[in-house]
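Beneath this line is the structure, given in structure tokens, with notes to follow.
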Amino acid sequence: MTIVDLKEQRQARWRAERDRWDAWQERELAKAYRVLDVLAPLVEQLLKQKKVRARHPRCEAPGCWSTITTLHPVQGRTSEDAPALVALCDRHLGAVRSGRMRVNAEGADALSWQLYDRPDAPPRLQIKLPRRRASRAGAHRRAQ
């Protein structure tokens, strides 16, 4: 065996190691793209919820002052013809999901609330109220 042969073997081993490393990098990159494909819609939804939460920081149920809310899609008419998102606290969200309360969007500025004794009964109470808007910081101080 000559020095040239040893040099060629070393280069062949180096190329093989480099090919394995390149293949590993490609697999890791493919994994990262798969994770990004899953996370991108979730991040977009969270950013959309953040914008809605900035406008509606409290529960939108009549008489509720809870500030810890979850966005819930409701049926109805909105300006974008998409399901409206309503901020509800855990108590009112449970009532909507159990069928004791229903909420529908009556356009972008009003919500229709219906209260039921049980899911198959007629509504006991039905009201239509304007949506809550976030108050501006210090707006009540300037009015005084």
Task: Any residue meeting salt bridge (charged side-chain N to carboxylate O under 4.0 Å, His left out) with Asp22, in chain and number order, not counting sequence neighbours - done: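 Residues passing salt bridge (charged side-chain N to carboxylate O under 4.0 Å, His left out) with Asp22: Arg18.
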
Mind checking the [atom1]-[atom2] spacing from [X] to [Y]? Nearest 0.5 Å is all I need.
X	Y	atom1	atom2	answer
Arg15	Arg20	CZ	CZ	13.0 Å
Met101	Arg124	CE	CZ	9.5 Å
Ile68	Arg91	CD1	CZ	12.5 Å
Arg100	His92	CZ	NE2	9.5 Å
Asp90	Arg97	CG	CZ	9.0 Å
Leu115	Leu125	CG	CG	5.0 Å

- [ ] Cation-pi check, Arg102 to Trp113: give yes when NZ or CZ is under 6.0 Å from the six-membered ring centre and within 45° of the ring axis, no otherwise.
- [x]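 No, Arg102 does not sit over the ring of Trp113.
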
Task: Check: Glu60 side chain, Ala87 main-chain N or O, donor-acceptor pair, under 3.5 Å - done: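 Yes; at least one donor-acceptor contact below 3.5 Å.
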
Task: Heavy-atom closest pair, residues Cys59 and Cys89 - done: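 Shortest heavy-atom separation between Cys59 and Cys89 comes out as SG-N, 3.3 Å.
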
Task: ILVMFWY network linking Leu93 to Val74, side-chain heavy atoms under 4.5 angstrom - done: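 In one cluster: yes.
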
Open item on the list: Is there a continuous path of hydrophobic side-chain contacts, each under 4.5 Å between heavy atoms, that joins Leu129 to Trp65?
Closed with: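 Unlinked, Leu129 and Trp65 end up in two clusters.
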
Task: Val96 side chain near Leu88 side chain, heavy-atom distance below 4.5 Å - done: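 Val96 reaches Leu88 side chain to side chain.
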
Open item on the list: Do Leu39 and Leu42 make a side-chain contact, defined as non-hydrogen atoms from C-beta onward lying under 4.5 Å apart?
Closed with: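 Result yes, sub-4.5 Å side-chain heavy-atom pair found.
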
Open item on the list: For a salt bridge (Lys or Arg N to Asp or Glu O under 4.0 Å) check, start with the C-alpha distance between Asp109 and Arg131, then their side-chain angles and the critical distance, and finish with the verdict.
Closed with: CA-CA 5 Å; Asp109 296 333; Arg131 291 189 78 160; over 6 Å; no

